[in-house]
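Worksheet: the structure to be examined is printed underneath.
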There are 2 protein chains.
Amino acid sequence: MEKTMVDIERATTALKLLGDKTRLTIVGLLKGNECCVCEFVEILQMSQPAISQHLRKLRDAGLVQEERKGHWIFYKLNESSDIFPLVANVLEHIPEQKEKLEALEKSGKRIQCD
Amino acid sequence: MEKTMVDIERATTALKLLGDKTRLTIVGLLKGNECCVCEFVEILQMSQPAISQHLRKLRDAGLVQEERKGHWIFYKLNESSDIFPLVANVLEHIPEQKEKLEALEKSGKRIQCD
DNA sequence: TCACTATATAAGTATATGCTTATATTTGCA
DNA sequence: TGCAAATATAAGCATATACTTATATAGTGA
């Protein structure tokens with residue numbers, strides 16, 4: 001595990017973003033996966049604008065990256081960000097979220113583009 | 001580094017608390033140290049009630065512990081808390097705060113009880 | 001070009017948060 | 001016993017936050 005340092009300001013920005021259940025779950029889902037907005041909407045059972053707004057905050061702070069693939073915009077963790085090591089470290093302390101993606105897959109709602 | 005798991009709710013509570021510059025600095029100062037309220041007031045240049053209120057939140061969530069020593073109430077990290085490993089892990093990514101305590105010491109304002 | 005789907009943005013609102021000032025509580029000591 | 005110092009609590013207020021609903025934008029395919 002890398003231990004990249006970030007200044008207090010940058011750390012509080014990231015921690016504040018992670019200090020919300022919806023966003024922490026989103027980031028947890030992105031550990032090892034790429035997801036599009038509609039998948040978050042389905043898994044988290046929240047409105048599409050609410051999800052979009054959370055994703056924008058995460059993107060503005062550099063925690064996630066977006067990439068359009070046809071109809072969908074996929075999000076993934078921004079591994080080249082200075083705060084990625086901190087984020088990854090935090091994620092090691094919370095339960096895996098991938099069963100939620102597996103459940104999506106079983107129900108046929110998982111989006112695959114490649 | 002231990003990797004104790006906590007549920008999402010508990011993690012967001014802790015991360016929300018750490019997602020504030022004042023509180024993150026307080027917790028950073030407590031890494032390896034015990035400090036009393038007046039020291040935080042001096043170092044952070046904030047009002048005593050503001051500091052007290054931050055400390056109460058940290059205590060209510062189990063991140064810190066208090067111990068009275070005569071006139072003063074000293075705070076320290078709660079190392080037996082289920083979220084201590086997460087907190088300690090986060091602190092490895094931010095700069096050491098102890099120069100601030102050393103500066104206090106040089107100016108003769110550090111409180112020592114033992 | 002048009003309609004449809006996925007996503008983003010904007011504006012409004014209720015609640016949460018972090019301070020302030022004022023006051024209460026607790027302890028040590030003359 | 002009473003005062004001073006350290007800390008906590010309470011109430012009030014301005015700002016931040018996380019939704020909502022309505023609308024705009026962008027890509028796909030007929």
Side-chain angles (χ1 to χ4, degrees), chain A residues 8-9 12-27 29-30 34-61 63-76 104 108-114, chain B residues 8-9 12-27 29-30 34-61 63-76 104 108-114:
Chain A
I8 291 262
E9 305 276 0
T12 54
T13 301
L15 293 168
K16 189 174 303 188
L17 289 171
L18 297 177
D20 173 272
K21 189 181 176 183
T22 302
R23 284 190 298 258
L24 186 57
T25 305
I26 286 175
V27 172
L29 284 163
L30 293 179
E34 298 193 358
C35 300
C36 70
V37 182
C38 57
E39 293 175 321
F40 294 125
V41 169
E42 182 67 27
I43 290 174
L44 296 165
Q45 291 290 299
M46 289 182 63
S47 75
Q48 176 267 315
I51 295 293
S52 261
Q53 286 160 17
H54 282 302
L55 287 168
R56 182 151 76 115
K57 289 182 183 185
L58 291 171
R59 182 170 47 84
D60 286 350
L63 275 75
V64 305
Q65 286 176 308
E66 63 174 53
E67 180 188 359
R68 182 176 275 277
K69 295 183 184 176
H71 272 303
W72 301 277
I73 296 179
F74 280 77
Y75 284 84
K76 60 181 172 186
L104 249 206
K109 291 174 179 164
R110 186 92 162 93
I111 310 288
Q112 288 293 25
C113 281
D114 306 311
Chain B
I8 290 260
E9 305 276 0
T12 53
T13 301
L15 294 167
K16 188 175 302 189
L17 288 171
L18 297 177
D20 172 273
K21 190 182 176 184
T22 301
R23 285 190 298 258
L24 186 58
T25 305
I26 286 175
V27 172
L29 284 163
L30 293 179
E34 299 194 358
C35 300
C36 67
V37 181
C38 59
E39 293 175 321
F40 293 126
V41 169
E42 180 69 28
I43 290 173
L44 296 166
Q45 291 288 300
M46 290 182 64
S47 75
Q48 176 267 317
I51 296 292
S52 261
Q53 285 160 16
H54 282 303
L55 287 168
R56 180 148 80 114
K57 289 182 184 185
L58 292 171
R59 182 168 48 85
D60 286 352
L63 275 75
V64 305
Q65 287 175 308
E66 62 174 54
E67 180 187 359
R68 181 177 275 278
K69 295 183 183 176
H71 272 303
W72 302 277
I73 297 178
F74 280 77
Y75 284 84
K76 60 181 172 186
L104 249 205
K109 290 174 180 163
R110 187 91 163 93
I111 309 288
Q112 288 293 25
C113 280
D114 307 313

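Side-chain atoms are counted along with the backbone in the values below, which use heavy atoms only and exclude waters and symmetry mates. The chains referred to below are lettered A, B, ... by the order of the sequence lines, with proteins before strands, and numbering in each begins at 1.
- When distances are taken from the side chain of A:Pro49 to each of C:dC19, D:dT21, C:dT7, the shortest belongs to D:dT21.
- In this structure, NZ of B:Lys16 is placed 17 Å from P of D:dA16, rounded to the nearest angstrom.
- Rounded to whole Å, atom P of D:dA5 lies 16 Å from atom CD of B:Glu42.
- Distances were taken from every side-chain heavy atom of A:Glu66 (C-beta onward) to each of D:dC19, C:dA8, D:dT17; the shortest belongs to C:dA8.
- The CD1-P distance, from B:Ile73 to C:dT27, rounds to 8 Å in whole Å.
- Note on A:His54: a side-chain N or O is less than 4.0 Å away from OP1 or OP2 of D:dC19.
- As rounded to whole Å, 10 Å separates atom P of C:dC19 from atom CG of B:Leu44.
- Nearest to the side chain of B:Ala50, among C:dT20, D:dT7, C:dT7, sits C:dT20.
- Taking 4.0 angstrom as the limit, B:Ser52 places none of its side-chain polar atoms (N or O) nearer than this to OP1 or OP2 of D:dA6.
- Atom CD of A:Gln48 and atom P of D:dC19 are 13 Å apart (whole Å).
- At the heavy-atom level, A:Glu39 lies nowhere under 4.0 Å from the strands shown.
- Between the P atom of D:dA5 and the CZ atom of B:Phe74 lies a distance of 18 Å, rounded to the nearest Å.
- Between A:Ser47 and D:dT20 there is a side-chain N or O to OP1 or OP2 distance below 4.0 Å.
- Nearest heavy atoms, A:Thr12 versus B:Asp20: CG2-C, 3.6 Å.
- Put simply, the side chain of B:Leu63 reaches to within 4.5 Å of the side chain of B:Leu18, judged on heavy atoms.
- Using a 4.0 Å heavy-atom criterion, one finds that B:Lys21 contacts no nucleic acid atom at all.
- For A:Lys57 and D:dA18, the shortest distance from a side-chain N or O to OP1 or OP2 is below 4.0 Å.
- At least one side-chain nitrogen or oxygen of A:Arg56 sits closer than 4.0 Å to the OP1 or OP2 atom of C:dT9.
- Within the 4.0 Å cut-off from OP1 or OP2 of D:dA18, at least one side-chain nitrogen or oxygen of A:Arg23 is found.
- With rounding to the nearest 0.5 Å, the separation of CZ in A:Phe40 from CG in A:Leu29 is 6.0 Å.
- The main-chain N or O of A:Gly70 is found under 3.5 Å from a side-chain atom of A:Arg68 such that the two form a donor-acceptor pair.
- At distances below 3.5 Å, at least one donor-acceptor pair connects side-chain atoms of B:Glu39 with backbone N or O atoms of B:Ile111.
- Between the NE2 atom of B:His71 and the C1' atom of D:dT7 there is a distance of 12 Å, rounded to whole Å.
- Residue contacts for A:Tyr75: at a heavy-atom cut-off of 4.0 Å it reaches the sugar-phosphate backbone alone, with no base atom in range.
- The base of D:dA8 lies outside donor-acceptor range of the side chain of B:Gln53, with no N or O pair under 3.5 Å.
- For the pair B:Ile51 CD1 and C:dC19 P, the computed distance is 8 Å after rounding to whole Å.
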